Amino acid sequence: MEKKHKSCGTSSLVPMTPKKPQQWLQVVGHAGSFHVGDYGTLLKRFCKREQQCYLRLMTDTLRPFVPAYHGVVQRDKQDYNMMDNLLTHFNTPAIMDCKMGSRTYLEEELHTARERPQPRNDMYEKMVAVDPEAPTAQERAQQAVLKTRYMQWRETLSSTTTLGFRVEGFRVSSSKLVEKANEDCHTNFKRTKSREQVMEALGGFVESRTHIVWGYLRQLKQLRQVLEASDFFRTHEVVGSSLLFVHDWTGRTGVWMIDFGKTVALPPPLTLDHRTPWVEGNREDGYLWGLDNLIGILENILPLS
């Protein structure tokens, strides 16, 4: 387990209410990666690559769309990146994590897997639990699969490859007691692949509240405009990053980019348009293609007028 903690993992961890910051709910990702800090901050287990991204983002036009970064702090001899807790101003919020892009692995991970293959038993077990026919004869003999093979296979099940994003999980807003909050968590989206299935999932999150959908659409279209002009975005391969959606019963909505542990600066003068289909070597990640599809599906949720 300790190895997982040292990686730049992805998670959406949030407090149940701003008034009780010591309580939180982690929708997806590795347990133990986060702590709720003081004064509306969140501590995320330190990752050098993520720190470098946040330092760059604080001076980029994307700054309003990412949590404000406050440097590195230490707790119990462990370093953490400190950033704004995005839920501080929401009241018992609904939250959703959408992983953006047409792939969730870096090109450098493919190279490493080829040069130093390390078959994993745990990922083989995860694979056969979903589809016993998925492993090759060699993988069955080894009872193990490479991490990149598992990730590429995993993406063929979801809308990552078909739409350029996937729903990782969400929690609907609830007036129930905090102890029962897990009843409102939905994380079973591994096989949510078609446009119709994704629309159904997103509809479940917004609970047919048209004003919430309109709020998200306004912010996503603003984000798209800023992304298309951002120096940071143009010069980085953005992989494994998520959009965090938040709303509450008052109608307040918010969308932020989170998780930059796999976001890599490109060697100059290379730039990306984030819509061109990926072929190994071009570094394209499909982020804007996914955002276009996400916006289109949310627009289809709105009633015809």
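The figures that follow rest on heavy atoms only: side chains count, while hydrogens, waters and symmetry mates do not. Because the structure is predicted, anything quoted here is derived from the model rather than measured.
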Are Arg49 and Phe260 in a cation-pi setup, meaning NZ or CZ lies under 6.0 angstrom from the ring centre and within 45 degrees of the ring axis?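 Here Arg49 fails the 6.0 Å and 45° test against Phe260.
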Given 3.5 Å as the limit, does a donor-acceptor pair link the side chain of Arg63 with the main chain of Met58, or not?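 Yes.
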salt_bridge([X], [Y]) N-O dist < 4.0 Å:
{"X": "Asp122", "Y": "Arg120", "result": "yes"}
{"X": "Glu107", "Y": "Arg114", "result": "no"}
{"X": "Arg149", "Y": "Glu139", "result": "yes"}
{"X": "Glu109", "Y": "Lys262", "result": "yes"}
{"X": "Lys44", "Y": "Asp259", "result": "yes"}
{"X": "Glu280", "Y": "Arg103", "result": "no"}
{"X": "Arg234", "Y": "Asp231", "result": "yes"}
{"X": "Glu50", "Y": "Lys48", "result": "no"}
{"X": "Asp292", "Y": "Arg224", "result": "yes"}

Strictly by modelled atom types, are Thr41 and Asn85 linked by a side-chain donor-acceptor pair under 3.5 Å?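 There is no such pair (donor and acceptor under 3.5 Å, judged by atom type) between the side chains of Thr41 and Asn85.
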Indicate whether the side chain of Asn81 and that of Tyr54 have a donor and an acceptor atom separated by less than 3.5 Å.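 Distance-only check fails for Asn81 and Tyr54.
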Any chance the rings of [X] and [Y] have centres within less than 6.0 Å?
{"X": "Trp153", "Y": "Tyr105", "answer": "no"}
{"X": "Phe233", "Y": "Tyr287", "answer": "yes"}
{"X": "Phe170", "Y": "Phe189", "answer": "yes"}

Are more than 12 heavy atoms, taken from residues, nucleotides or ligands other than Gln52, located less than 6.0 Å from that residue's CD atom?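 Atom CD in Gln52 is crowded, with more than 12 foreign heavy atoms closer than 6.0 Å.
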Please check if the number of heavy atoms outside Glu207 that lie under 6.0 Å from its CD is greater than 12.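 Count over threshold, so yes.
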Take the angle between the ring planes of Tyr216 and Phe205 and call it parallel below 30°, perpendicular above 60°, tilted in between.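 Ring orientation, 0 to 90° scale: parallel.
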Reference residue Asp285; test side chain to side chain contact (heavy atoms under 4.5 Å, CB included); the match among Leu272, Thr276, Val264, Thr104: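 The option that passes is Leu272.
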Could you go step by step and tell me if Leu243 and Ile258 meet the side chain to side chain contact (heavy atoms under 4.5 Å, CB included) rule? CA-CA 6 Å; Leu243 285 179; Ile258 60 169; over 6 Å; no
